[in-house]
Amino acid sequence: MPNIIFEEVSPQFTFADKEKQTLEFWRDNNIFQKSMEVHKGDPPFVFLEGPPFANAPPGVHHVLARVMKDAVCRYKTMTGHYVHRKAGWDTHGLPVEYQVEKQLNITNKAELEAYGVQNFIEKCKENVFQYEQEWRQMTERIGFWVNLDDAYITLSNDYIESVWWVLRQAWDRKLLYQGHKVQPYCYRCGTTLASHEVALGYQEVSDPSIFVRFRVLSPLCGADTLPLKNRENTYLLVWTTTPWTLPSNVAVAVGEDYDYVCVEHNGQHLILAKECLPSLFGDEPPQIVASYKGSALRDWEYEPLFDIGQHPERAHYVVTGDFVTTTEGSGLVHIAPAFGQDDYEIGKKYNLPLVQLVGADGRLKEPGGREKVKESWAGEYVKAADPKIIENLNQRGLLFKATEYTHQYPFCWRCDTPLLYYARESWFIRTTAIREQMLQHNQQINWYPAHIKAGRFGNWLENNVDWGLSRERYWGTPLPVWVCDSCGHQHCVGSVAELQELGKVINPCKAAANTYTDVPTDIELHRPYVDDVVLACEKCSGTMHRVLDVIDCWFDSGCAHTAQWHYPFENREMLEQAYPADFISEAIDQTRGWFYSLLATGTLLYDKPAYKNCLCLELIMGPDGQKMSKSRGNTVAPSTILQEQGADALRWYMFTASPPWAPRVFKPEGIDEALKKFMGTLHNVYSFFVMYANLEQVDVLKDAPPVAERAIVDKWILSRLQMLIDTVREEMGNYHLTNAPRAIEAFVDALSNWYVRRSRDRFWGAKAGPDKHAAYATLYEVLVTVAKLAAPFVPFLADELYRNLVCSLDANAPESVHLAEYPVADAALIDEQLDTDMAFTREVISMGHAARNRSGIKTRQPLAELTLGGLSEAQQATVTRLAALVHDELNVKTIVFTADMNAFAQVTLKPNFKVLGPKYGKGVQAIAKALATADAAQLKATLDATGSLQVEASGETYTLERSDIDVQTQNREGFFVEADAHKFVALATALTHELTLEGLARELVNKIQNMRKEAGFHVSDRIQLSLNSPSSLVNEAFEAHRDYILRETLTTVVVETPGEDAFSLTQNLNGEPATLSVFNN
RNA sequence: GGGCUUAUAGCUCAGACGGUUAGAGCGCGCGCCUGAUAAGCGCGAGGUCUCUGGUUCGAUUCCAGAUAAGCCCA
């Protein structure tokens, strides 16, 4: 028995099983940790993990993000960087609260408070990690190397403390302030809703749609634009669908560039947008008495509809806003800043008073607390007030028209109450103050794909508004602002130490009210614990209580660059090294989420971009092309795939199917394809190598001849390998994680289907010698290099190859491919001419296959001659140089070149448009016509003879050179010919007696080989053979090619009569009968 | 309503500084090759390169508009 050089590769395996063994190997030998340690002194590459939520099971889109991150980190590691990989968990926020509420059957804040905030918070903590195990398993199983045991967790005290510190920086720079924000609000639940909740509750409803007359007081415009005779009788015609906001009206908005008209109607002058005339007056438009641009109406004052109380700001005049439309209503929009985002913005812009005559309970209030004008709707819920307000307007003659309006309106998804867009007191970060810096920093970020920079993200930054930070909720980082009960003084606490220094804890026991204890060092910074801390006011003798809000959880994760290190309380040096991050990658929806929050906090703190490279991933659609969702039932569970096809196949599919920034349809069949096409092929080449290397006992390290002395196919594949290395490095440098593995896949295909296929007999059966050694050395080098190249993408398979191929021979080699160095191309081995030549020759061979196929003569049958036409001299030289490949592959004895195109193919002449276009412009089309109608064969003869052509076209004579003409060929029927645009191959199909015999010999070999296989012989088993045929041809062929047949089939003895245990079959050999028997020696 | 992106074969995707025969894989049909293959090769069927206009000798490619889809925002 020969020594086993490499571990035998069993043909019975599944990739998924092998991966589990590799996982064990990694775990047992701490390969992940080592992959960081070996690069400890190398330049760092900073990866920042976007923290996922572990309160839902991971889906395929999470796998996508994780494998992308992993490939980049592995690549950077192998190219000599220290890549620290800290995991993270996002834990705060409304999604958690809602899950817990659902679980506890809590439907509003009052019930929650009754249940107890403390109990509730404890439930939230449990909820957050309910799927952590699944996440951990998925993460490990897909081979995402990230340190889960040292993860940053946004709910930890350390993390919160860092976030507090960040907020304090904003506070000190006066960037944290209190204002109003219009939010969807449920007055029954007493809470605002997040946008995704709002999206849950849209219903189609019918609301009042009313047009109200606002009496114009004193137009402030010049006399020349004023054909109005009777101003007292002039009204703005204003539209609204929320009558209950009319008591809070403070302005009317028009579109600056719209055309407005004043019409006479029933003795009154009404001002409205010209475009709205038809919808309001139908076929009988009233007479137009004046026209204005919207801008001309600005500042016109009108009589308030209702008393709004005392406000210092100017109110009740016309403003302009770009949100006004004329597709509905009148082109004049009622403005109540407390009840709409547009209204609020315009209120700020024009410094309008914030009149909010609706309470947080959803009931209408009297203005200014004055009781003297008791309106009929006071105390009514908003919708109930509508008819009363309409009736009031009607009685006062101010109602122009009242109809119904059907539209989508959001309702509370929990209690079905219509939501109000309602201005609530809220805390903000003044991001508008750092907008310019953020825009500048964005310029420094490399976005993949690039259009995000100026597109989605840039636009978002351009339109930046202050960050609404506070949430009137429970489960989140508490806003660390304390306010004095008596003087209103505010203070922002920036650390636990400061809290201890300034604060005291109220004794929770009622009996001991007004007694205090010190703030403990380990105080839990969540609500309600932190709510019990009070501070002594430094301005007066009052007591300061914390504002009860928590903050937007996006701010939490947005501080990850800093808070993951518990900076500045610890790890000061880490931050210096790790900011900005080199690389982040998340889904595109994070443009407004994490991508933004990181940039905003990073700009605020350090005035530097928070990350240098950002890979934006797109959504994954279900197999039906629809967005994956549980309700549609088109989700795909990663665990099943990992179980069956394995992680590498899933990863490869993720990388190669389409660029990750294009939305993709997830097709499980695609994973099978990755498995078969790439992994299967690579694995087969690998097992082929191992099998014969063990059989033939070649020492690939010692016996390797220099490349210059190796066969041409060796040089070719090694040249391609170097080009592949360059390509992969370049693509990876550009974060193109699709093109890099696609290039590897193309290479492996060429390796298997050309290099190995054409070299097979060099590996097996050939005599030991330089050529055989060259073949083994070449394939070995290629396989090891490919394993390294592919390691970031298919870390399991790559490691298996590497460990068996490299570690079996070299005890000093790194123990895993992931500890090895990424290949560097050897430019000296690149031979571009050879590459082009090989490509051309393969093209010729491919056409030869087509011609053979057309002839119906099987490839095993040798043919005498292959004729090639249309080749340039250089191309002929190429084919001659690589003729051995053509002979072997097409099984032909000789190759001839012919200049006579006509005999085999149909020739047409076309202008070379690319050359002639710029020369003759319009004339090109005429030349084309002339060439098409002329006798192509004759023209070509002239061209060949004289080197040029005269063509008459539309009255002009054009002289065309050889290079101006494109000679094209087409198949001519009736020959065994294959033609493409410029060349053809033709087969001579006549068989001589010798060829027939040789064909039979090869047929015999083929049949015997198949029988060996069927009989279950090992590849290296020697056999005895018997042949029994009545055909003299078969017998003659056997005798003529006896050596060849015996050698190919490892036959040592030919016997007359087979033994009893022989495996016998009667075969048809090209129509000749023969009985073959094979049996053991 | 706004912004961004996309539109190429039945499906998944390439591609072309603008050049007259637009490719691959999968799937389908037929054939071939094979003692490495969970393979491979060849042939065939399958395309108004979403539509309309513009620029141009020439547009699937560039420009404008439209339509559809996706995401984000309102």
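From a predicted model like this one, the values you see are computed outputs, not experimental measurements. Atom set for the values below is all heavy atoms of this structure, side chains included, hydrogens, waters and symmetry mates excluded. Just so it is clear: chains get the letters A, B, ... in the order the sequence lines come, proteins before strands, and each one is counted from 1.
Residue-nucleotide stacking is not present for A:Y920 and B:C57, judged by a side-chain ring centre under 5.5 Å from the six-membered base ring centre and planes under 30° apart.
Atom P of B:C4 sits at a distance of 26 Å from the matching atom of B:U55, rounded to the whole Å. The C1' atoms of B:U12 and B:G46 are separated by 16 Å, rounded to the nearest whole Å. Rounded to whole Å, the separation between the P atoms of B:A39 and B:G25 comes to 15 Å. The C1' atoms of B:A7 and B:C43 are separated by 31 Å, rounded to the nearest whole Å. Across B:A69 and B:C32, the matching C1' atoms stand 43 Å from one another, rounded to whole Å. Spacing of C1' atoms, B:C13 relative to B:C51, comes out at 23 Å, to the nearest Å. For B:U61 and B:G70, the P atoms lie 25 Å apart once the distance is rounded to whole Å. A distance of about 15 Å separates the C1' atoms of B:A59 and B:U50, rounded to the whole Å.
A sub-4.0 Å separation between OP1 or OP2 of B:U21 and a side-chain N or O of A:K910 is present. Within the structure, a side-chain polar atom (N or O) of A:S846 is placed less than 4.0 Å from OP1 or OP2 of B:G42. A sub-4.0 Å separation between OP1 or OP2 of B:U34 and a side-chain N or O of A:R860 is present. Phosphate proximity of B:A36 to A:Y692: present, with a side-chain N or O under 4.0 Å from OP1 or OP2.
For A:N442 (side chain) and A:K453 (main-chain N/O), a donor-acceptor pair under 3.5 Å exists by modelled atom type. Of the possible polar contacts, none joining the A:Y653 side chain to the A:E673 backbone as a donor-acceptor pair under 3.5 Å is found. Between the side chain of A:E19 and the backbone N or O of A:A647 there is at least one donor-acceptor pair closer than 3.5 Å. Distance alone, capped at 3.5 Å, places no donor-acceptor pair between the A:Y596 side chain and the A:Q590 backbone. No side-chain donor-acceptor contact under 3.5 Å links A:N739 to the backbone of A:E731.
A:R760 has its CZ atom 6 Å from the P atom of B:A36, to the nearest Å. Distance, A:F15 CZ to B:A39 P: 11 Å, rounded to whole Å. We find that CG of A:D672 is positioned 10 Å from P of B:G27, with the value rounded to whole Å. Going from atom CZ of A:F6 over to atom P of B:A36 covers 18 Å, rounded to whole Å. Atom-to-atom, NZ of A:K922 to P of B:U56 comes out at 10 Å; the value is rounded to the nearest Å. Remark: P of B:G2 and CD of A:E462 are 18 Å apart, rounded to the nearest angstrom. Between the CG atom of A:N1010 and the C1' atom of B:U34 there is a distance of 8 Å, rounded to whole Å. Per the geometry, CD1 belonging to A:I671 stands 15 Å off P belonging to B:U12, to the nearest Å.
When distances are taken from the side chain of A:T14 to each of B:G19, B:A38, B:A36, the shortest belongs to B:A38. For A:R456, the listed nucleotide lying nearest its side chain is B:G3; candidates were B:G3, B:C41, B:C13. Residue A:V924 places its side chain closer to B:U20 than to any other of B:G25, B:U20, B:A14. For A:R757, counting side-chain heavy atoms from C-beta on, the closest listed nucleotide (B:U20, B:G40, B:U34) is B:G40. Comparing B:A38, B:G19, B:G25 by their closest approach to the side chain of A:Q925 singles out B:G19. Nearest to the side chain of A:S687, among B:A38, B:C71, B:A36, sits B:A36. With B:A39, B:A36, B:C4 as the choices, the nucleotide that has an atom nearest any side-chain atom of A:H451 turns out to be B:C4. Set against B:C4, B:U20, B:A36, the side chain of A:N459 has B:C4 as its closest nucleotide.
Residue contacts shown for A:P918 include a base, since a base heavy atom lies under 4.0 Å away. Across all strands shown, A:V685 has heavy atoms under 4.0 Å from base atoms, whether or not it also approaches the sugar-phosphate. Base engagement by A:G917 is indicated by at least one non-hydrogen atom pair under 4.0 Å involving a base atom. Across all strands, A:N912 comes closer than 4.0 Å to no nucleic acid atom at all (heavy-atom distances). If you check every strand for non-hydrogen atoms under 4.0 Å, A:K676 touches sugar and phosphate atoms only. A:V915 comes within contact range of no nucleotide atom at all, as no heavy-atom separation falls under 4.0 Å.
Contact check on A:R1002 versus A:E998 returns no salt bridge, with no Lys/Arg side-chain nitrogen under 4.0 Å from an Asp/Glu carboxylate oxygen.
Between A:W652 and A:F678, the ring planes lie parallel to each other; the angle is under 30°, not in the 30° to 60° tilted range. The aromatic rings of A:F595 and A:W447 sit perpendicular, their planes meeting at an angle over 60°, well past the 30° parallel limit.
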* How does RNA chain B look in dot-bracket notation if pairs are Watson-Crick or G-U with both distances under 3.5 Å, crossing ones as [ ], other-strand ones as |? -> (((((((..((((.....[...)))).(((((.......))))).....(((((..]....)))))))))))).
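If A:V1005 and A:T908 are placed on RNA chain B by their nearest nucleotide, the residue sitting closer to the 5' end is A:T908. Closest-nucleotide positions on RNA chain B for A:F913 and A:A16 were compared, and the one nearer the 5' end corresponds to A:F913.
Residues A:P741 and A:T656 come closest through the heavy atom pair CB-CG2, 3.8 Å. Of all heavy-atom pairs spanning A:T431 and A:V465, the tightest one is OG1-O, 3.0 Å.
One cannot find a donor-acceptor pair under 3.5 Å joining the base of B:A14 and the side-chain atoms of A:R742.
A distance of 10.0 Å separates CD1 in A:I744 from OG1 in A:T727, rounded to the nearest 0.5 Å.
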